[in-house]
A.B. asks: 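Take a look at the following structure, please.
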Amino acid sequence: MTAYVKFGYLSSTLALRPTTYGDSVLNIKETLLLTFKIPEQQHYFTTKEVTAMTGMTKDALRYYEHLGILPDVQRNQYNYRQYSHKNLETLQLIKIFRDLDLDLSLLTPAHLALDGQAKVVAFKQYQQVIRDRIRHLEAIDQLLATKIDYFEHQSIDT
């Protein structure tokens with residue numbers, strides 16, 4: 001049985017859909033290698049817990065709030081931030097976008113409020129960017145394999 005990943009307030013669009021590339025389906029463990037695991041037994045998380053879990057700094061978390069891409073962070077009675085599962089799911093998506101150098105402004109509520117078809121078009125564009133990068137990395141990998149082969153044969157011949 002494959003577990004699926006959902007991403008924050010994009011859940012209505014992406015909920016419980018497998019991540020696919022080529023002939024493979026990435027299960028939740030493989031997908032989490034790209035981000036981080038959210039503990040299910042806990043409902044709210046402190047800033048310290050979130051920074052430890054995500055590898056993001058406090059300043060980065062505040063910056064994402066300021067940009068409006070990390071909305072609705074609750075506060076406790078002492079005015080400390082309390083991050084929900086929804087917030088952490090959003091941070092997973094932010095982490096993926098940052099890792100892929102995608103524009104974070106694409107995650108603003110205004111952009112995400114697009115109708116279903118516009119979201120499909122936007123996500124297909126993101127997917128194309130990723131596929132272009134994969135092709136580029138495969139070309140680099142092939143170049144490195146050629147160089148390794150050359151150097152291995154050069155050292156055998158001498």
Side-chain angles (χ1 to χ4, degrees), residues 1-22 24-116 118-141 144:
M1 180 173 164
T2 302
Y4 302 119
V5 176
K6 67 179 185 176
F7 293 108
Y9 48 90
L10 298 177
S11 296
S12 61
T13 309
L14 300 177
L16 304 179
R17 290 195 57 199
T19 304
T20 61
Y21 181 73
S24 64
V25 174
L26 297 178
N27 65 31
I28 195 163
K29 288 181 183 175
E30 293 166 325
T31 304
L32 289 175
L33 291 175
L34 302 173
T35 60
F36 53 88
K37 186 175 190 313
I38 301 172
E40 291 185 23
Q41 68 278 8
Q42 195 171 334
H43 297 290
Y44 290 97
F45 304 86
T46 65
T47 301
K48 184 177 181 179
E49 291 169 324
V50 172
T51 59
M53 192 182 323
T54 64
M56 298 174 183
T57 64
K58 279 192 320 189
D59 291 334
L61 297 173
R62 289 185 188 133
Y63 178 67
Y64 300 143
E65 260 187 277
H66 175 75
L67 289 178
I69 60 176
L70 184 60
D72 306 323
V73 175
Q74 301 297 312
R75 303 244 181 184
N76 68 11
Q77 68 270 24
Y78 304 108
N79 207 30
Y80 290 117
R81 287 173 175 83
Q82 296 290 293
Y83 296 88
S84 67
H85 279 259
K86 181 178 175 181
N87 296 138
L88 293 177
E89 290 168 354
T90 301
L91 288 170
Q92 286 178 324
L93 192 57
I94 290 170
K95 185 166 177 45
I96 290 170
F97 267 56
R98 288 204 55 215
D99 289 347
L100 299 173
D101 293 325
L102 293 173
D103 184 1
L104 292 178
S105 70
L106 301 172
L107 297 175
T108 60
H111 190 269
L112 292 172
L114 301 171
D115 67 20
K119 282 183 188 177
V120 169
V121 169
F123 274 86
K124 283 184 177 182
Q125 290 172 345
Y126 308 154
Q127 186 179 44
Q128 187 57 50
V129 169
I130 301 310
R131 288 181 174 164
D132 291 344
R133 289 192 184 163
I134 289 170
R135 279 192 291 280
H136 179 76
L137 290 171
E138 286 172 341
I140 292 170
D141 183 56
L144 291 173

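The first residue of the sequence shown is numbered 1, and numbering continues consecutively from there.
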A.B. asks: Partners of Arg62 by side chain to side chain donor-acceptor pair (under 3.5 Å), sequence neighbours excluded?
C.D. replies: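 Once residues adjacent in sequence are excluded, Arg62 has no partner under the side chain to side chain donor-acceptor pair (under 3.5 Å) criterion.
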A.B. asks: Do Ser105 and Asp103 have a side chain donor and acceptor closer than 3.5 Å?
C.D. replies: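 Looking only at side-chain atoms, Asp103 and Ser105 do form a donor-acceptor pair, the distance falling under 3.5 Å.
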A.B. asks: Only counting residues at least two apart or in another chain, list the ones meeting side chain to side chain donor-acceptor pair (under 3.5 Å) with Gln128.
C.D. replies: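 For Gln128 the side chain to side chain donor-acceptor pair (under 3.5 Å) partners, ignoring immediate neighbours, are Asp132.
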A.B. asks: Checking Glu49 now: which residues fulfil salt bridge (Lys or Arg N to Asp or Glu O under 4.0 Å) with it, not counting sequence neighbours?
C.D. replies: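 Once residues adjacent in sequence are excluded, Glu49 has no partner under the salt bridge (Lys or Arg N to Asp or Glu O under 4.0 Å) criterion.
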A.B. asks: Can you give me the closest heavy-atom contact between Arg81 and Glu65, atom names plus distance?
C.D. replies: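 Of all heavy-atom pairs spanning Arg81 and Glu65, the closest is NE-OE1, 2.5 Å.
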A.B. asks: The criterion is ring-ring contact (aromatic ring centres under 6.0 Å, His included); which residues satisfy it with Phe45, sequence neighbours excluded?
C.D. replies: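 Result, ring-ring contact (aromatic ring centres under 6.0 Å, His included) vs Phe45: His85.
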A.B. asks: Any idea which heavy atoms bring Ile38 and Leu88 closest together, and the distance?
C.D. replies: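 Looking at all heavy atoms of both residues, the shortest contact is CD1-CB, 3.6 Å.
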A.B. asks: Look up atom CG in Leu137 and atom CG in Leu144, then write down how far apart they are to the nearest 0.5 Å.
C.D. replies: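 Leu137 atom CG to Leu144 atom CG measures 10.5 Å (nearest 0.5 Å).
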A.B. asks: What are the two closest non-hydrogen atoms of Tyr83 and Thr47, and how far apart are they?
C.D. replies: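 So the two residues come closest at CE1-OG1, 3.5 Å.
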A.B. asks: Hey, what do you get for CG (Leu70) to CG (Leu104), rounding to the nearest 0.5 Å?
C.D. replies: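 Separation between the atoms: 11.5 Å.
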A.B. asks: Taking side chain to side chain contact (heavy atoms under 4.5 Å, CB included) as the test, write out the residues that go with Ala118, two or more places apart.
C.D. replies: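 Applying side chain to side chain contact (heavy atoms under 4.5 Å, CB included) to Ala118 gives Leu114, Asp115.
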A.B. asks: Given 3.5 Å as the limit, does a donor-acceptor pair link the side chain of Asn87 with the main chain of Pro71, or not?
C.D. replies: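 A pair under 3.5 Å: yes.
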A.B. asks: With Arg75, which residues qualify under salt bridge (Lys or Arg N to Asp or Glu O under 4.0 Å), at least two apart?
C.D. replies: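 Applying salt bridge (Lys or Arg N to Asp or Glu O under 4.0 Å) to Arg75 gives none.
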